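Working notes, structure below.
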Amino acid sequence: MQKTLTIVGGGSSGWMTAIYLNRLFNQSEQRLQIRLVESPDIGIIGVGEATVHSIRFFFAAMGLDEQELLRETNASFKTGILFRNWMAPVNGVMHEYFHPFEQQQLGRQLDISSCWFVQKREAQERYDQGVSLSAALMAAGHGPKSPQSRPYQGVVPYGYHLDASLLARFLRRKAVEAGVEHIQDTVTDVTVQDGNILAVHSAQASYHSDWFIDSTGFRGLLMEALGQDNWQSFEDALPCNRAVAIQRELPKDQQPHPYTVATALSHGWAWQIDLTSRQGTGYVYDGNALTPEQAEQELREFLGWDSGFIKCTHLKMKVGCRREFWKGNCIAVGLAGGFIEPLESTGLHLINLGARLLGTHLMQDKPGQVVRDAYNKAMNGFYQDLKRFIVLHYCLTNRTDTGFWRKAAASADYCEGLPEMLALWKQKICEYHDLAGGYATTFVDENYRYILYGMQHYPELNFAGCDELNQPFEELRRMSEKALQMTMPHGDYLRQYCQQL
Ligand code: FAD
């Protein structure tokens, strides 16, 4: 018999899950009837505008046309993140480095990254610039695709900058066209029996279903109805629990950057995300140290350009995740399941993981506890892994200018195994095996290296280099020259090949 699934919530998590599961389960025959109930009175969070590169494959799996997606969401491309000010300046020069998505494998005897240390290249160049093609493209302001690139493929890996509200609208249209039932109603009550949700209710109607997805954002309405003791906070390790977001016009004559900028401020960090229509900015900060007014003031001063502001929003953030993402017949996806601050733009990525995993775990009529346990274990693993990776950005700082930064070094102590890994990576190069046993998905050893070495946490090696080990740098130089010829300035590409700008 056909099963029914009710998703409560129409933000990106609700619609991404709806489209993906609808396509997976209903492509050949209708096996799962999906309905999405969204409150017309409670808005979506409206932030979440940068992505990681793997989201491309999820959008492709959802059957979305890349050109249409770009046009409908005023999107630009993202090849990585430029981190600025995460360490103390040297001789008045601000510290900065790129974290590209690229995982560079050049090199015969040793990979290029290891060669970089052995050849002692830190004296002459930054690590990211020494080992990656993407860094050269980003520094030149070039986009990641060539005119010949196929949809969802580039010269280097890339993600997007998208308008969050337009994305939700676009996904809603696509889901409804594909057959997902859309109901505008506010859920006020949840009936639970024997640990399962029987129905959710509004003032006008009741919605019964075999399965429920909680995509109600930070509220976690359905999960909270199933039990209160189901949340683990990460605030000891990641104290930023508030954000202020400001949308503004793109500074005049500025081409959209093909990367996100993440600049460390006094009690957190600010994002700058260039869309084709405007710039999204925001300050993620420790709300125990700054008031919202102080944070907004600091952000406005940092932006330093007081015309063209479009709107300002203050947000509280619940940092942590569910112990059980799947309880009874209800699964939390998106912010209802958990949230880790957006330093590496992972919100949509975690939705992608949650929805994909759900697809494979729901392929049985009556999945038992063993299936729920497996899902919960994997989701917890993803969040714990990501927490460690985000903490890495903070704990390596040498900034001491505020209490926030003085405390940051100790944040590693709240991540199991991280202090030992940091000690190890002082004596050897970081490798895949050092992270084995984890739930690495998007961030693996290459990504750790960009952060470790971008923050100058270098291994102290006593090993003599040789000419042979310069070969990968020569190869990378040739590849960079070719890539720069194949690609073009980001704004020009958007204008000519995506009908943007
Ligand atoms: P929401 O967008 O909050 O949607 C909740 C939905 O539930 C709404 O449709 C609402 O109407 C509905 N709802 C709520 N209560 C009820 C009810 N009672 N009845 C019916 N419907 C109800 N992610 C990234 O990938 N990249 C980023 O750069 C990024 N930046 C972020 C910056 C900040 C400051 C924050 C806080 C988050 C950021 N995220 C980012 C995370 C990202 O915003 C979310 O993962 C994403 O938007 C998904 O949100 P959601 O759908 O879970 O919740």
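Quick caveat: nothing in here was measured; it's all calculated off a predicted structure. Counting starts at 1 for both ligands and their atoms, following the listed order. Because only heavy atoms are used, hydrogens play no part in the values below, and waters and symmetry mates are left out as well, while side chains stay in. Residue numbers run from 1 in the order of the sequence given.
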Say whether [X] and ligand 1 are in contact under the criterion: heavy-atom distance to a ligand atom below 4.0 Å.
| X | result |
| --- | --- |
| Phe339 | yes |
| Leu221 | yes |
| Val284 | no |
| Asp41 | no |
| Gly282 | no |

Atom CZ of Arg169: over 12 foreign heavy atoms under 6.0 Å: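 No, CZ of Arg169 has 12 or fewer neighbouring heavy atoms, counting only those of other groups under 6.0 Å.
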Arg31 CZ: over 12 foreign heavy atoms closer than 6.0 Å: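 No, because the 6.0 Å sphere around CZ of Arg31 holds 12 heavy atoms or fewer from other groups.
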Option among Gln254, His161, Gln255, Lys78 that satisfies the side-chain hydrogen bond (donor to acceptor under 3.5 Å, both in side chains) test with Asp274: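 When side-chain hydrogen bond (donor to acceptor under 3.5 Å, both in side chains) is applied between Asp274 and each of Gln254, His161, Gln255, Lys78, only Gln254 qualifies.
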Within reach of ligand 1, part of His349 (heavy-atom separation under 4.0 Å):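 No part of His349 comes within reach of ligand 1.
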Proximity of Thr260 to ligand 1 by residue part, where a heavy atom lies under 4.0 Å: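 For Thr260, no heavy atom sits under 4.0 Å from ligand 1.
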Just checking [X] against [Y], ring centres under 6.0 Å apart?
| X | Y | result |
| --- | --- | --- |
| Tyr152 | Phe59 | no |
| Tyr448 | Phe389 | yes |
| Phe325 | Phe382 | no |

Is the closest N or O pair between [X] and ligand 1 shorter than 3.5 Å?
| X | answer |
| --- | --- |
| Ser39 | yes |
| Val47 | yes |
| Ile42 | yes |
| Gly334 | no |
| Ile44 | no |
| Val333 | no |
| Met317 | no |

Only heavy atoms of [X], strictly under 4.0 Å: list the atoms of ligand 1 that pass.
| X | value |
| --- | --- |
| Ala243 | 34 (C) |
| Ser12 | 46 (C), 47 (O), 48 (C), 51 (O) |
| Ser215 | 5 (C), 6 (C), 7 (O) |
| Gly217 | 3 (O), 5 (C), 53 (O) |
| Leu335 | 44 (C), 45 (O), 49 (O), 52 (O), 53 (O) |
| Asp185 | 20 (C) |
| Ala50 | 24 (C), 25 (O), 26 (N), 27 (C), 28 (O) |

Is a donor from one side chain sitting under 3.5 angstrom from an acceptor on the other, for [X] and [Y]?
| X | Y | answer |
| --- | --- | --- |
| Tyr450 | Glu102 | no |
| Glu49 | Trp271 | no |
| Arg372 | Asn376 | no |

Distance, nearest 0.5 Å, that separates CG of Leu162 from CG of Leu275: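 CG of Leu275 is found 7.5 Å from CG of Leu162.
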Distance (rounded to the nearest 0.5 Å) between Leu70 CG and Leu494 CG: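 So the CG of Leu70 and the CG of Leu494 are separated by 7.5 Å.
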Which residue and atom name correspond to the protein heavy atom nearest [atom], and how close is it?
| atom | value |
| --- | --- |
| atom 29 (C) of ligand 1 | Gly48 CA, 3.1 Å |
| atom 50 (P) of ligand 1 | Ser13 OG, 3.4 Å |
| atom 25 (O) of ligand 1 | Leu348 N, 2.7 Å |
| atom 12 (C) of ligand 1 | Gly9 CA, 3.6 Å |
| atom 9 (O) of ligand 1 | Gly10 N, 2.8 Å |
| atom 32 (C) of ligand 1 | Pro342 CG, 3.4 Å |
| atom 18 (N) of ligand 1 | Val187 O, 2.9 Å |

Side-chain (Asp128) to main-chain (Tyr97) donor-acceptor, under 3.5 angstrom: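 Side chain of Asp128 to backbone of Tyr97, a donor-acceptor pair under 3.5 Å: no, none is there.
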Polar side-chain atom of Thr51 near backbone of Tyr160 as donor-acceptor pair, under 3.5 Å: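 Here the side-chain-to-backbone pair exists.
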Summary of ring-ring contact (aromatic ring centres under 6.0 Å, His included) pairs that have at least one residue in residues 170-210, sequence neighbours excluded: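 Found Trp15-His182.
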Quiz item: cation-pi between Arg56 and Tyr158, 6.0 Å / 45°: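 Cation-pi check for Arg56 and Tyr158: passes.
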Candidate with minimal heavy-atom separation from atom 48 (C) of ligand 1, of Ile351, Ile45, Leu167: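 Considering heavy atoms of Ile351, Ile45, Leu167, the nearest to atom 48 (C) of ligand 1 sits in Ile351.
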Heavy-atom nearest option to atom 23 (N) of ligand 1, drawn from Gly347, Ala168, Gly280, Ser345: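 Result: the heavy atom closest to atom 23 (N) of ligand 1 is in Gly347.
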Charged N-O contact under 4.0 Å between Glu224 and Arg322: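 Yes, charged N to carboxylate O under 4.0 Å.
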Partner residues of His99 under the side chain to side chain donor-acceptor pair (under 3.5 Å) criterion, sequence neighbours left out: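 By the side chain to side chain donor-acceptor pair (under 3.5 Å) rule, His99 matches Glu344, Asn447.
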